[in-house]
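First the structure, in the form of structure tokens, and then the observations on it.
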Amino acid sequence: MEEIHTTYNPANVSIHHSATPNSLNLDRNLRVLVAEDDPTNRIVAERYLNKMGFDVDLVTNGMEALNKLEKENYDLILMDCQMPVMDGYQATKEIRHREGLLNHTPIIALTANAVNGDAEKCFAAGMDAYIPKPVKMKSLKEVINQTLDQLSQNTEETENDFSRENRGIN
Amino acid sequence: MILAERIEELIEEIDLDGALEMIEIFLSDPEFGINKRLNSLQISLDNKDGIALSREAHKLKGSASNFEATDVVQLSGILEQQGIRNEFEKAKQTFDSLKDAVGVLTKQLIQIKQKY
């Protein structure tokens with residue numbers, strides 16, 4: 001089985017995972033922050049993620065997510081789009097602003113919208129992917145793995161570019 | 001998928017306690033339960049507040065979608081759009097239909113809860 005070895009911030013941990021959704025092989029449990037105001041949706045997200053082997057923290061709006069991220073590092077964020085106090089779009093923009101260019105925590109939107117333009121709105125805010133509600137275990141696994149795989153590839157390419165630049169190779 | 005099948009799926013994918021907790025919240029939670037949601041929708045309609053109407057309908061849609069309650073999800077979605085467009089007369093009719101659909105869903109969820 002081909003393993004992908006990736007290091008990325010802010011958790012800055014070595015992640016070893018295969019390209020298949022059901023066979024995550026990690027050095028430790030990945031940490032996921034879920035920002036979702038509806039308690040029934042929180043139950044679904046938390047239980048699914050726990051079953052998938054993730055450690056999960058829950059917050060109920062975008063502001064709480066920002067506060068949590070000031071104190072803790074996460075490997076992945078699931079972000080509801082519409083929340084009180086601060087919505088998921090605004091929180092994501094702020095997270096990306098704070099990260100700057102070097103860091104990138106993957107953010108997956110949770111949205112009850114299914115109309116055209118919503119995906120673009122998520123991506124414009126800086127989200128990496130989105131999952132329409134109701135969230136199902138299968139789709140959640142697939143999107144998380146696709147997102148982490150994409151991040152692995154991007155990080156490898158960035159590291160290779162950086163290495164080439166340091167060696168003076170164009 | 002009919003409601004009973006969806007609940008079975010939730011029990012399988014989450015667990016019985018989680019599924020029952022979701023039903024309990026939907027039925028009875030003072031902040032997130034269906035009575036509070038319907039009341040908020042009614043207030044939004046009375047105040048002709050399209051933004052609040054859209055927001056509250058969106059929340060109900062997201063919550064009901066966990067049970068794949070098709071009628072409630074669809075009507076909430078229509079109400080959400082009517083709120084965005086400030087179509088309050090149409091929204092009143094949609095809200096009446098939504099209340100009926102919620103009544104059906106509520107009865108079904110109570111029956112399922114009693115079964116377990």
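Since we're looking at a predicted model, the values are computed, not measured.
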Full working for salt bridge (charged side-chain N to carboxylate O under 4.0 Å, His left out) between B:Arg55 and A:Asp87: CA-CA 12 Å; B:Arg55 184 183 63 234; A:Asp87 67 28; over 6 Å; no
Hey, any chance [X] and [Y] share a hydrophobic cluster, counting ILVMFWY side chains that come within less than 4.5 Å of each other, even indirectly?
{"X": "B:Phe67", "Y": "B:Leu75", "result": "yes"}
{"X": "B:Phe88", "Y": "B:Ile84", "result": "no"}
{"X": "B:Val104", "Y": "B:Ile110", "result": "no"}
{"X": "A:Tyr89", "Y": "A:Val59", "result": "yes"}
{"X": "A:Leu33", "Y": "A:Ile107", "result": "yes"}

Considering all heavy atoms, the nearest B:Gly18-A:Ile43 contact: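 The answer is O-CG2, 3.9 Å.
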Closest approach of B:Gly62 to A:Asn41 (non-hydrogen atoms, all atoms of both residues):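 For B:Gly62 versus A:Asn41, the nearest heavy atoms are O-OD1, 3.7 Å.
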Contacting region of A:Lys133 [heavy-atom separation from chain B under 4.5 Å]: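 Answer is both: backbone and side chain atoms of A:Lys133 are under 4.5 Å from chain B.
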Segment of A:Asn50 engaging chain B (4.5 angstrom heavy-atom cut-off):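 No part of it gets close to chain B.
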Flag yes if more than 12 heavy atoms outside [X] fall under 6.0 Å of its [atom1] atom; otherwise flag no.
{"X": "A:Met63", "atom1": "CE", "answer": "no"}
{"X": "A:Lys121", "atom1": "NZ", "answer": "no"}
{"X": "B:Ile51", "atom1": "CD1", "answer": "no"}

Contacting moiety of B:Leu10, where chain A heavy atoms sit under 4.5 Å: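 Contact with chain A involves the side chain of B:Leu10 alone.
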B:Glu24 portion near chain A, given a 4.5 angstrom heavy-atom threshold: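 For B:Glu24, neither part sits under 4.5 Å from chain A.
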Residues A:Arg42, B:Glu21: salt bridge by 4.0 Å N-O rule: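 Salt bridge: no.
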Salt-bridge criterion met for A:Arg47 and B:Glu13 (N-O under 4.0 Å):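 Judged by the 4.0 Å cut-off on N to carboxylate O distance, A:Arg47 and B:Glu13 do not form a salt bridge.
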Heavy-atom side-chain proximity of A:Val44 to B:Met22 below 4.5 angstrom: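 A side-chain contact exists here, since the closest heavy-atom pair is under 4.5 Å.
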Side chain to side chain, B:Asn66 and A:Val135, heavy atoms closer than 4.5 Å: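 They are not in contact (no side-chain heavy atoms under 4.5 Å apart), so the answer is no.
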Working for side-chain contact (heavy atoms from CB on, under 4.5 Å), residues B:Ile14 and A:Lys51: CA-CA 8 Å; B:Ile14 299 175; A:Lys51 281 202 166 187; 5.9 Å; no
Neighbourhood of chain A inside residues 28-46 of chain B, taking heavy atoms under 4.5 Å as contact: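 B:Phe32, B:Arg37, listed by number.
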